[in-house]
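Structure provided below as structure tokens; questions to follow.
One-based numbering, in listed order, for ligands and for the atoms of each. Please read all numbers here as calculations on a predicted model, not as lab measurements. Note: hydrogens, waters and symmetry copies are ignored here, and every other heavy atom, side chains too, is used.
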Amino acid sequence: MYTSPRGTQDRIGQDLTVLRFIEKQARQIFKKYNYNEISTPIIEEEKLFMRSLGKTTEVVKKQMLTIKKSGETLVLRPEATAGVIRAYLENNLDKCGEFTKLFYIGQMYRGERPQKGRLREFYQFGVEAIGSSSPFIDAEVIALASQILDNINVCGYRIIINTLGCLNDKDKFAQILKKILSTKIKIFCPDCKRRIKENVFRVLDCKNETCKEAVRNLNINRKDYLCNDCQNHYESVKDNLKQIDIGFEEDICLVRGLDYYTKTVFEIKHASLGSQDTLGAGGRYDNLVQELGGKPTAAVGFAFGIERVILVSDIAEKIKDQEEKLRVFIACLGDNALKCGFKLLQNLRKNNINAEADLRQSSLKSQMRQANKLNARFVIIIGDNELEKGTVVLKNMASGEQKEIKKEELIGAIC
Ligand code: HAM
């Protein structure tokens, strides 16, 4: 027996309906905020992620699923931002000199140890707003993320924000952290001992309980590392969020696991998810476009993990109630009735009526059982009698009412 690879899942029936429903809701909101869809390849060159996410991040060091082919090293994309910016530059969208708002929905791949809410293949929906450093955009992007959750009835989520400042500030922040954490280096796990030297921000993402405890209540003030511009930007983002009634908390330890971020960073968390409690996350990355070969261009975005969103929403239950029923099931008794039923089935479908029949010549009892299972609104019964008279028997499954009608009257009777 073959099974799907660990951390991946087949989606069948209701599972797929829920996923598509969330995609549809997200798409509608993206359109309301004037974002255009972009689709980029699932495979990208490994070096794209090394350059953008950073060589020392967990994603690049440990989680990339790599394909080596004829001297090329490709990876299954672990996230979409780097690919979107590559596409933005490769397709000369930067030359239009306009502010570009893009959204995407699709699978991402990370070779992680699977657990609840942590998969190797997972779906993300996200946006990238490229070409503006306005703090209104940071707030708009956070508002958009929050509106999607509200629209699919997710309650009890928390929005947490922080700022890393510009590259200079970020460097200062790293030095301050390094200084503080080096004084208690012995406490940390071997990975964090290395991280303190290589990329100190990653210590703040460590899942090891001792490391987590050691970085709790760090005595750092944003003023210690932020320049005036970045301080003002952060204050404006907070003001803008307040203006549009978006509640948020601040956490100086929120630094995000990918290296491209500068200035505003945010995460949207839900306590019911347990250890993988981040539903979605994002922030500014004002240096990435330049880093990938473009001119200096500010940008901000976010992505949500759809599987995590599904875990915290009651959408599956709601969809069950809303699901469109099968309009008609045709039950046929005998060979000739089946021939007539087969033609009728095609005719109904051509008239945009969702219809089904059992084409295997089963008993009436079995056909009625199928109609019930499919939640059909009407059952049409055709036997020799009806064939002779050019009629069908129409049964309303909710009321149980049954009547014989002419074939020509059928569509009117069921619409
Ligand atoms: P990220 O924090 O790596 O950011 O991922 C965003 C979301 O994807 C997470 O909050 C989580 O819901 C989901 N996710 C990540 N890894 C997994 C996994 N293994 N299994 C299930 N869900 C997962 C990014 O990807 C950035 N590109 C976001 C961004 C866009 N920043 C700016 N623009």
Any donor-acceptor pair under 3.5 Å linking the side chain of Asn91 with the backbone of Leu93? no
Selected option - heavy-atom contact closest to atom 24 (C) of ligand 1, from Leu258, Leu53, Asp205, Leu279: Leu258
Under a 4.0 Å heavy-atom limit, does Tyr123 contact ligand 1 with its side chain, its backbone, both, or neither? neither
Numbered atoms and elements of ligand 1 in range of Arg118, under 4.0 angstrom, heavy atoms: 19 (N), 20 (N)
Residues in salt bridge (charged side-chain N to carboxylate O under 4.0 Å, His left out) contact with Lys269, at least two apart in sequence or another chain: Glu267, Asp277
When you measure from atom 26 (C) of ligand 1 to every protein heavy atom, which one gives the shortest distance, and what is it? Tyr260 OH, 3.3 Å
Any idea which atoms of ligand 1 are less than 4.0 Å away from a heavy-atom of Arg256? 1 (P), 2 (O), 4 (O)
By number and element, which atoms of ligand 1 are closer than 4.0 Å to a non-hydrogen atom of Gly282? 31 (N)
Hey, which of Tyr35, Phe302, Phe30 is the one that makes ring pair (Phe, Tyr, Trp, His ring centres under 6.0 Å) with Phe103? Phe30
Taking ring pair (Phe, Tyr, Trp, His ring centres under 6.0 Å) as the criterion, tell me which of Tyr123, Phe125, Tyr104 meets it with Phe304. Phe125
Between the side chain of Glu45 and the main-chain N/O of Lys47, is any donor-acceptor distance below 3.5 Å? no
Determine, using ring centers only, whether Phe248 and Phe266 are less than 6.0 Å apart. no
Provide, to 0.1 Å, the distance between atom 13 (C) of ligand 1 and the closest protein heavy atom, together with that atom's residue and name. Gly305 CA, 3.6 Å
For Glu112, take its heavy atoms, then give the atoms of ligand 1 lying under 4.0 Å from any of them. 16 (N), 18 (C), 19 (N)
Evaluate Gln147 against Tyr33 for side-chain contact (heavy atoms from CB on, under 4.5 Å), listing each step before the verdict. CA-CA 11 Å; Gln147 190 170 340; Tyr33 282 74; 2.6 Å; yes
Can you list the ligand 1 atoms lying under 4.0 Å from a non-hydrogen atom of Glu79? 25 (O), 26 (C), 27 (N)
So how far is it from Leu333 CG to Leu338 CG, rounded to the nearest 0.5 Å? 10.0 Å
Quick note on ligand 1: atoms under 4.0 Å from a heavy atom of Glu128 include exactly 30 (C), 32 (C), 33 (N)
Quick check on Gly257 - does any of its heavy atoms sit under 4.0 Å from an atom of ligand 1? no
Just jot down the ligand 1 atoms closer than 4.0 angstrom to any heavy atom of Leu119, in number order. 18 (C), 19 (N), 20 (N), 21 (C)
Atoms of ligand 1 under 4.0 Å from any heavy atom of Tyr104, numbered from 1 in the order shown, are 30 (C)
Tested for side-chain hydrogen bond (donor to acceptor under 3.5 Å, both in side chains) against Thr81, the lone hit among Tyr261, Tyr285, Tyr260 is Tyr260
With Gln63 as reference, evaluate Arg110, Glu112, Glu58 under the side-chain hydrogen bond (donor to acceptor under 3.5 Å, both in side chains) test and give the passing residue. Glu112
Looking at ligand 1, is there an atom of it that comes within less than 4.0 Å of some heavy atom belonging to Gly126? no
So for Tyr285 against ligand 1, with non-hydrogen atoms under 4.0 Å, the contacting part is side chain
Proximal candidate to atom 28 (C) of ligand 1 [heavy atom criterion; set Phe122, Tyr109, Phe125, Tyr261]: Tyr261
Got a donor-acceptor contact below 3.5 angstrom from the Glu46 side chain to the Thr66 backbone? no
Any idea which protein heavy atom is nearest atom 21 (C) of ligand 1, and the distance to it? Gly117 O, 3.3 Å
Which protein non-hydrogen atom lies closest to atom 3 (O) of ligand 1, naming both residue and atom, and how far is it? Arg110 NH2, 2.8 Å
Using a 4.0 Å heavy-atom cut-off, say whether Gln124 meets ligand 1 through its side chain, its backbone, both or neither. side chain
Sidechain-backbone polar pair: Ser146 side chain, Ile142 backbone, donor-acceptor under 3.5 Å: no
Shortest protein contact, atom 9 (C) of ligand 1 (heavy atom only): Thr278 O, 4.0 Å
Glu121 side chain to Gly7 main-chain N or O, any donor-acceptor pair under 3.5 Å? no
Looking at atom 11 (C) of ligand 1, what's its closest protein heavy atom, distance included? Arg308 NH1, 3.5 Å
Phe266, portion touching ligand 1 at heavy-atom distance under 4.0 Å: neither
